[in-house]
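Each remark here refers to the structure printed beneath this line.
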Amino acid sequence: MQIASPTSAEITSGDEIKPTRLADARVREAAPSGSSAAVSAPLLLRRLVTDSLRILDADPNGTRITTGLDSDESCEGTSEASFKDAVVDHGAEKNNGAIPQENGIKKRRSALPAPMFSRNNFSVWSILKKCIGLELSKITMPIVFNEPLSFLQRITEYMEHTYLIHKACAQSDSIERMQVVAAFAVSAVASQWDRTGKPFNPLLGETYELTREDQGFRLISEQVSHHPPVSAFHAEGLSQDFLFHGSIYPKLKFWGKSVEAEPKGTITLELLKHKEAYTWSNPFCCVHNVIVGKLWIEQYGTVEIVNHSTGDKCVLNFKPCGMFGKELHRVEGYVQDKCKKKRCVIYGKWTECLWSVDPQVYESHRKNDKRGTAETKKPKPEESEVAENEDADDMPEVQETVAVIPGSTLLWRVSSRPSNSAEMYNFTNFAVTLNESEPGMEGVLAPTDCRLRPDIRAMENGDMDEASREKERLEEKQRAARKERAKNNEEWSTRWFELVTNPYTGLQDWLYTGGYFDRKYTDCPDIY
């Protein structure tokens, strides 16, 4: 597609298009029978954005796939100027940056074997009423509140948007790399939206591996501690371009109406080409209405991403929903250089998209926005209207989707979920594939891989009674093994990770010792 302009330049994805140039630009597209048409560039760019979103929201067969948002158009409600001045990069984000699953690329499943089991007739109150203010890691929950994935598989969902790591590696400027790394950090928690099921607690010594040639990485994780529960993971680029690793200790607390998860632990991303290391921790996650009402999720807290090589820093504020839900799902922050000068502002929603804009443009827009808000301010709801249901924390209505500030650059947009996601524990397309079993896989995987866990497999197949029996059997086997070790004064020894000092943070961390993919599993424990 060529732009007929004074320079006859070609507009490519990610290029910033100046408003003055757009005023004169005209587009000629090839049409049947040699006909041609000229369209104004502002209209064209709007059309391109809309068409791109439609493509992203459709499966290869043309069936529309919804994200579950009130609107799949994250720019809905913005002016023509917003589209005109926004920089949109739709290149690698299609298909999560993966190569389409054709032309010899292995096709993965798109649905679970059985639909989700209904939780309507079960109450969690009888279990949780004695646990207010306590940590829940030692509490046994009915299997009906689980989802058919291990927590090791759940943290593997950090890798859903691996294309962002590859994109960061390709940037020549450290500030631009930091923006993309920030987008990756936000995208890593996006799959938690509407995921109210609890993943299975990994057994001590349990592992999970995943190799995705289409996304250019392989990963290995291990449950390295049971009390406290600690999960360690290590991912590496197949082109030796990055390392991504960390250890997560999820502390869960019950507060009467909600369950709060504090994901303790440090995450490290190393971009080997640039000899850079970034570290951060994930925000808090809260599930509301675990007793009565509709379950809903929010994430909140400050995430600080540090580039230990350049001194650059990104501070992201995951905002709590607030009294009337105005801030629900919103993320705002900034990138500063080693001299503490703000280089860009980052804004968006962790459930939708993330944008970057110049700090001066952002401040100017915010002042104008406040001025407009003051002129059209609505009266506050009456107290009686606010407290309609004292038993449940009603999920605030989703506010307007992200209003794009003119001059912004799109860093990331969430991928559409399957149309029947609600029947599959609200899994993403990526999550649906994580427990897939293939012929011959048992002869390749380590015997501790959670794809081989009989309770998770039974639940995935819809056999809840069998899943419950197997879960109880596995937990009892784990308790018996722990008693036997205590009787013989034996210490548990991890297989693929060791507790050492993280060279970038100076804190204790579980780092990969290597050797897993040599496929020598003769000394793996019998945990199933």
Side-chain angles (χ1 to χ4, degrees), residues 112 137 141 143 146-160 162 188-189 191-192 195 197-212 215 217-236 243-252 261 263-268 282 285 425 427-428 430-438 441-442 444-460 467 470-471 474-475 477-478 492 494-499 509-513 515-517 521 524-528:
L112 297 180
S137 61
M141 299 288 288
I143 201 168
N146 283 53
E147 63 178 21
L149 288 177
S150 167
F151 184 71
L152 295 181
Q153 293 166 312
R154 186 75 174 260
I155 61 177
T156 302
E157 293 181 55
Y158 291 165
M159 306 303 296
E160 180 169 356
T162 305
V189 300
S191 68
Q192 295 188 35
R195 294 280 291 281
K198 176 183 176 295
F200 282 71
N201 292 332
L203 302 169
L204 186 60
E206 184 174 312
T207 61
Y208 181 72
E209 70 163 271
L210 182 66
T211 299
R212 290 291 295 260
Q215 292 185 287
F217 76 88
R218 67 182 185 182
L219 172 143
I220 170 62
S221 57
E222 179 183 4
Q223 189 69 7
V224 293
S225 174
H226 187 61
H227 290 304
V230 181
S231 306
F233 69 91
H234 172 93
E236 55 193 40
L243 298 175
F244 179 57
H245 53 91
S247 50
I248 307 297
Y249 167 19
K251 293 191 70 174
L252 303 178
K264 285 181 168 292
T266 301
I267 295 173
T268 303
N282 283 330
C285 179
Y425 307 88
F427 281 4
T428 64
F430 186 80
V432 166
T433 68
L434 293 178
N435 201 48
E436 185 174 9
S437 180
E438 301 174 29
M441 183 175 279
E442 292 188 17
V444 177
L445 295 174
T448 50
D449 194 283
C450 46
R451 291 183 188 86
L452 307 177
R453 275 190 66 160
D455 52 351
I456 296 179
R457 183 63 61 192
M459 183 178 187
E460 182 183 88
E470 283 295 332
K471 180 173 179 285
L474 292 176
E475 290 171 348
K477 182 173 183 176
Q478 180 172 238
W492 174 262
T494 56
R495 183 66 179 83
W496 310 110
F497 291 80
E498 63 178 348
L499 186 61
D509 201 358
W510 289 90
L511 299 184
Y512 179 54
T513 57
Y516 175 87
F517 292 97
Y521 306 137
C524 287
D526 175 16
I527 59 175
Y528 301 144

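Counting non-hydrogen atoms of other residues, nucleotides and ligands closer than 6.0 Å to NZ of K477 gives a total above 12. The 12-atom threshold is not exceeded at CD of E442, counting heavy atoms of other residues, nucleotides or ligands nearer than 6.0 Å.
M159 contributes atom CE, which lies 9.0 Å from atom OG1 of T156 (distance to the nearest 0.5 angstrom). Taking CD of Q478 as the start and CG of N201 as the end, the distance is 9.0 Å to the nearest 0.5 Å. From T266, atom OG1 reaches atom NE2 of H245 across 10.5 Å, with rounding to the nearest 0.5 Å. Within the model, atoms CG of L434 and CD of E160 stand 8.5 Å from one another, a figure rounded to the nearest 0.5 Å. To the nearest 0.5 Å, the span separating OH on Y528 from CG on L452 amounts to 6.5 Å. Taken from CD in E206 to CG in D449, the straight-line distance is 8.0 Å, to the nearest 0.5 Å.
Qualifying salt bridge (charged side-chain N to carboxylate O under 4.0 Å, His left out) partners for E222, counting only residues two or more places apart in sequence or in other chains: none. Scanning for side chain to side chain donor-acceptor pair (under 3.5 Å) contacts around R195 gives E147, E157, with sequence neighbours left out. With sequence neighbours excluded, the residues forming a ring-ring contact (aromatic ring centres under 6.0 Å, His included) with Y516 are W496, Y521, listed by chain and number. Checked against salt bridge (charged side-chain N to carboxylate O under 4.0 Å, His left out), E460 has the following partners two or more places apart in sequence or in another chain: R109, R457. Scanning for salt bridge (charged side-chain N to carboxylate O under 4.0 Å, His left out) contacts around E438 gives K106, with sequence neighbours left out. For D509, the salt bridge (charged side-chain N to carboxylate O under 4.0 Å, His left out) test picks out no residue, with sequence neighbours left out.
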request  = Walk me through it: do L203 and R453 pass the test side-chain contact (heavy atoms from CB on, under 4.5 Å)?
outcome  = CA-CA 10 Å; L203 302 169; R453 275 190 66 160; 4.0 Å; yes
key: Worked verdict on N146 versus M459 for side-chain contact (heavy atoms from CB on, under 4.5 Å)   = CA-CA 9 Å; N146 283 53; M459 183 178 187; 4.1 Å; yes
message = What verdict does the side-chain contact (heavy atoms from CB on, under 4.5 Å) test give for F200 and I143, after you've listed the backbone C-alpha separation in whole Å, the side-chain angles of each residue and the deciding distance to 0.1 Å?
response = CA-CA 9 Å; F200 282 71; I143 201 168; 3.7 Å; yes
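Taking 4.5 Å as the limit, some side-chain heavy atom of R154 sits within range of a side-chain heavy atom of Q192. Using a 4.5 Å heavy-atom threshold, the side chains of N282 and Y158 count as touching. Looking at S231 and I155, their side chains come closer than 4.5 Å, going by heavy atoms from C-beta outward. You'll find the side chain of R451 reaches within 4.5 Å of the side chain of L210, heavy atoms only. Taking 4.5 Å as the limit, every side-chain heavy atom of L204 sits out of range of all side-chain heavy atoms of I527. Taking 4.5 Å as the limit, some side-chain heavy atom of H234 sits within range of a side-chain heavy atom of L243. Proximity of I248 to F151: side-chain heavy atoms (C-beta onward) are separated by under 4.5 Å at one or more points. Side-chain contact between P525 and T448 is present, with heavy atoms from C-beta onward closer than 4.5 Å.
Between S221 and L152, the shortest heavy-atom distance links the atoms OG-CB, 3.7 Å. Nearest heavy atom pair, residue A232 against residue V224, reads CB-CG1, 4.1 Å. Across T207 and A446, no two heavy atoms sit closer than the pair OG1-CB, 4.2 Å. When all heavy atoms of L112 and P148 are compared, the closest pair comes out as CD1-CG, 4.4 Å.
In this structure, F233 has its ring center at least 6.0 angstrom away from the ring center of Y208.
Judged by distance alone, the side chain of Q153 and the main-chain N or O of S150 form a donor-acceptor pair under 3.5 Å.
Taking the ring centre of F517 as origin, the terminal cationic atom of R218 falls inside the region bounded by 6.0 Å and 45° from the ring axis.
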